[in-house]
Student: 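Just passing along the structure, written as structure tokens.
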Amino acid sequence: LLAGLLHVEETPRYLLEGTVNGAGAALGFFAETEEISEEELFARLPAWLEATPASPVLFLNGVGGLGSPYWTPDFESRFLGEGSLAERAVAVLESVVFLIVRNLEAMNQLLPPPRFLRLTGGLSRLEGFAQRLADLSGLPVLRPREFEATARGLAQLAGQKDFGGVSEERFLPRENPALKDAYRRFLAALPKL
């Protein structure tokens with residue numbers, strides 16, 4: 001986790017950043033490994049996410065190194081267990097959800113937990129990804145209808161500009177015991193802090 005201090009109009013604001021290295025690149029890694037085009041992979045992912053409530057396979061995601069809170073730059077990506085192409089693809093996406101939630105847990109030791117999460121970027125296009133993040137974090141996930149809004153969101157967070165009036169979709173947490181079990185197994189397989 002990285003902590004930072006911003007000075008906005010003489011009022012300090014503290015920010016925490018959790019880093020999930022290679023979040024989107026993990027799908028590129030998977031597509032290359034499985035010899036499937038990224039376009040085909042993204043076209044098939046929504047149905048795979050819908051059909052696979054939680055993957056029986058785990059993907060230990062070290063694409064780009066294992067970021068916070070582990071900080072292991074040479075972590076080797078690998079699958080634990082065997083499964084279909086769809087189950088492995090879902091496991092790759094779930095690994096990103098797991099790493100985000102792990103970062104949230106570490107941040108919650110320093111600050112009060114957030115009331116909601118705002119999801120932007122390429123992976124936010126996948127409703128199954130947004131729903132899994134809501135289910136595992138226990139928080140509502142807000143997704144702007146304009147997906148590529150990361151820079152706008154950072155500027156708004158830093159207090160530089162209010163972009164009000166942005167239409168958002170909301171994903172509310174649901175019970176997902178299979179995903180929670182997969183998360184426990186995922187954590188057990190990662191380096192101890």
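Keep in mind the model is a prediction, meaning the values are calculated, not measured. Sequential numbering from 1 along the given sequence is applied to the chain's residues.
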Student: Between Glu38 and Ala31, which heavy-atom pair has the shortest distance, and what is it?
Tutor: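 Closest pair (atom of Glu38, atom of Ala31, distance): CG-CB, 3.8 Å.
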Student: Return the minimal non-hydrogen interatomic distance between Asn108 and Pro114, and the atom names on each side.
Tutor: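 In terms of heavy atoms, the two residues are closest at OD1-CD, 3.6 Å.
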Student: In terms of hydrophobic clustering (I, L, V, M, F, W, Y; side-chain heavy atoms under 4.5 Å; direct or indirect links), are Leu117 and Leu123 co-clustered?
Tutor: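 Yes, it is one cluster - the side chains of Leu117 and Leu123 are joined through contacts under 4.5 Å.
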Student: State the CG-CG distance between Leu93 and Leu49, to the nearest 0.5 angstrom.
Tutor: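 Reported to 0.5 Å precision, the distance equals 5.5 Å.
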Student: Hey, is the main chain of Leu142 close enough, under 3.5 Å, to the side chain of Arg170 for a donor-acceptor pair?
Tutor: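 No; zero donor-acceptor contacts below 3.5 Å.
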Student: Under the 6.0 Å and 45° cation-pi test, does Arg174 pair with Phe171?
Tutor: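 Arg174 over Phe171 ring: no.
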Student: Is any side-chain heavy atom of Asp74 closer than 4.5 Å to one of Thr72?
Tutor: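 The answer is yes; the side chains approach within 4.5 Å.
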Student: Has the side chain of Ser68 got a donor or acceptor atom that lies under 3.5 Å from a matching backbone atom of Thr19?
Tutor: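 At least one qualifying donor-acceptor pair exists.
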Student: Take a 6.0 Å sphere around CD of Glu50 and say whether it holds more than 12 heavy atoms from other residues, nucleotides or ligands.
Tutor: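 Not buried by this count: 12 neighbours or fewer within 6.0 Å.
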Student: Using every non-hydrogen atom in the two residues, find where Phe42 and Gly122 come nearest and quote the distance to one decimal.
Tutor: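 Taking every non-hydrogen atom into account, CE2-O, 4.5 Å.
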Student: Where do Lys180 and Glu175 land on the side chain to side chain contact (heavy atoms under 4.5 Å, CB included) test, with the steps shown first?
Tutor: CA-CA 9 Å; Lys180 290 179 181 175; Glu175 283 300 313; 4.0 Å; yes
Student: Do you know which two heavy atoms are closest between Leu85 and Arg44, and how far apart they sit?
Tutor: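 Closest pair (atom of Leu85, atom of Arg44, distance): CD2-NH1, 4.3 Å.
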Student: Fit a plane to each ring of Phe79 and Phe30, take the angle between them on a 0 to 90° scale, and name the class: parallel (under 30°), tilted (30 to 60°) or perpendicular (over 60°).
Tutor: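 Correct class here is perpendicular.
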Student: Would Val90 and Arg132 count as a side chain to side chain contact (heavy atoms under 4.5 Å, CB included) here? Give the steps.
Tutor: CA-CA 11 Å; Val90 169; Arg132 278 171 168 74; 3.7 Å; yes
Student: Just how far is it from atom CG of Leu27 to atom CD of Glu34, taken to the nearest 0.5 Å?
Tutor: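 Result: 12.0 Å between the selected atoms.
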Student: What distance do Tyr183 atom OH and Leu136 atom CG have between them, rounded to the nearest 0.5 Å?
Tutor: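 So the gap between those two atoms works out to 6.0 Å.
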Student: Taking all non-hydrogen atoms of both residues, which atom of Ala23 and which atom of Val96 are closest, and how far apart?
Tutor: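 It is O-CG2, 3.6 Å.
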Student: Hey, could you give me the CG/CG distance between Leu104 and Leu111, rounded to the nearest 0.5 Å?
Tutor: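 Going from the CG atom of Leu104 to the CG atom of Leu111 covers 11.5 Å.
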Student: After noting the C-alpha distance and the side-chain angles of Leu187 and Arg102, does the key distance pass the side chain to side chain contact (heavy atoms under 4.5 Å, CB included) rule?
Tutor: CA-CA 8 Å; Leu187 291 179; Arg102 180 62 190 98; 3.7 Å; yes
Student: What distance separates Ile100 CD1 from Glu105 CD, expressed to the nearest 0.5 Å?
Tutor: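 Rounded to the nearest 0.5 Å, the CD1-CD separation comes out at 12.5 Å.
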Student: May I ask you to check whether over 12 heavy atoms, not counting those of Arg185, lie within 6.0 Å of atom CZ?
Tutor: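 More than 12 within 6.0 Å, yes.
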Student: Any side-chain heavy atom of Phe116 sitting closer than 4.5 Å to one from Leu139?
Tutor: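 When only atoms from C-beta onward are counted, Leu139 and Phe116 do not touch, as no gap falls below 4.5 Å.
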Student: How many angstroms lie between atom CD of Glu40 and atom CG of Leu45, to the nearest 0.5 angstrom?
Tutor: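 Output value for this atom pair is 10.5 Å.
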Student: Less than 4.0 angstrom from a charged side-chain N to a carboxylate O is my criterion; do Arg143 and Glu168 meet it?
Tutor: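 Salt bridge: no.
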Student: Any heavy-atom pair between the side chains of Leu126 and Pro46 that's under 4.5 Å?
Tutor: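 They are in side-chain contact.
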Student: Could you give the side-chain donor-acceptor pairs of residues 51-66 under 3.5 Å, partners two or more places apart or in another chain?
Tutor:
| from | atom 1 | to | atom 2 | distance (Å) |
| --- | --- | --- | --- | --- |
| Thr52 | OG1 | Trp48 | O | 3.0 |
| Ser55 | OG | Val57 | N | 3.1 |
| Ser55 | OG | Val57 | O | 3.2 |
| Ser55 | OG | Glu87 | O | 2.8 |
| Asn61 | OD1 | Val63 | N | 3.2 |
| Asn61 | ND2 | Ser95 | OG | 3.1 |

Student: Would a hydrophobic clustering, with Ile, Leu, Val, Met, Phe, Trp and Tyr connected at side-chain separations under 4.5 Å, put Leu172 with Val141?
Tutor: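 No, separate clusters.
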Student: With side chains defined as the heavy atoms from C-beta onward, is the minimum distance between Val92 and Phe29 less than 4.5 Å?
Tutor: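 When only atoms from C-beta onward are counted, Phe29 and Val92 do not touch, as no gap falls below 4.5 Å.
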Student: For Ala189 and Leu80, work out which heavy atoms get closest and say how close.
Tutor: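 Scanning both residues, the minimum pair turns out to be CB-CD1, 3.7 Å.
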Student: Are there more than 12 heavy atoms of other residues, nucleotides or ligands under 6.0 Å from atom CD of Glu32?
Tutor: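 No, the 6.0 Å shell around CD holds no more than 12 heavy atoms from other groups.
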Student: Do the side chain of Asp181 and the main chain of Pro177 share a donor and acceptor less than 3.5 angstrom apart?
Tutor: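 It does not hold such a pair.
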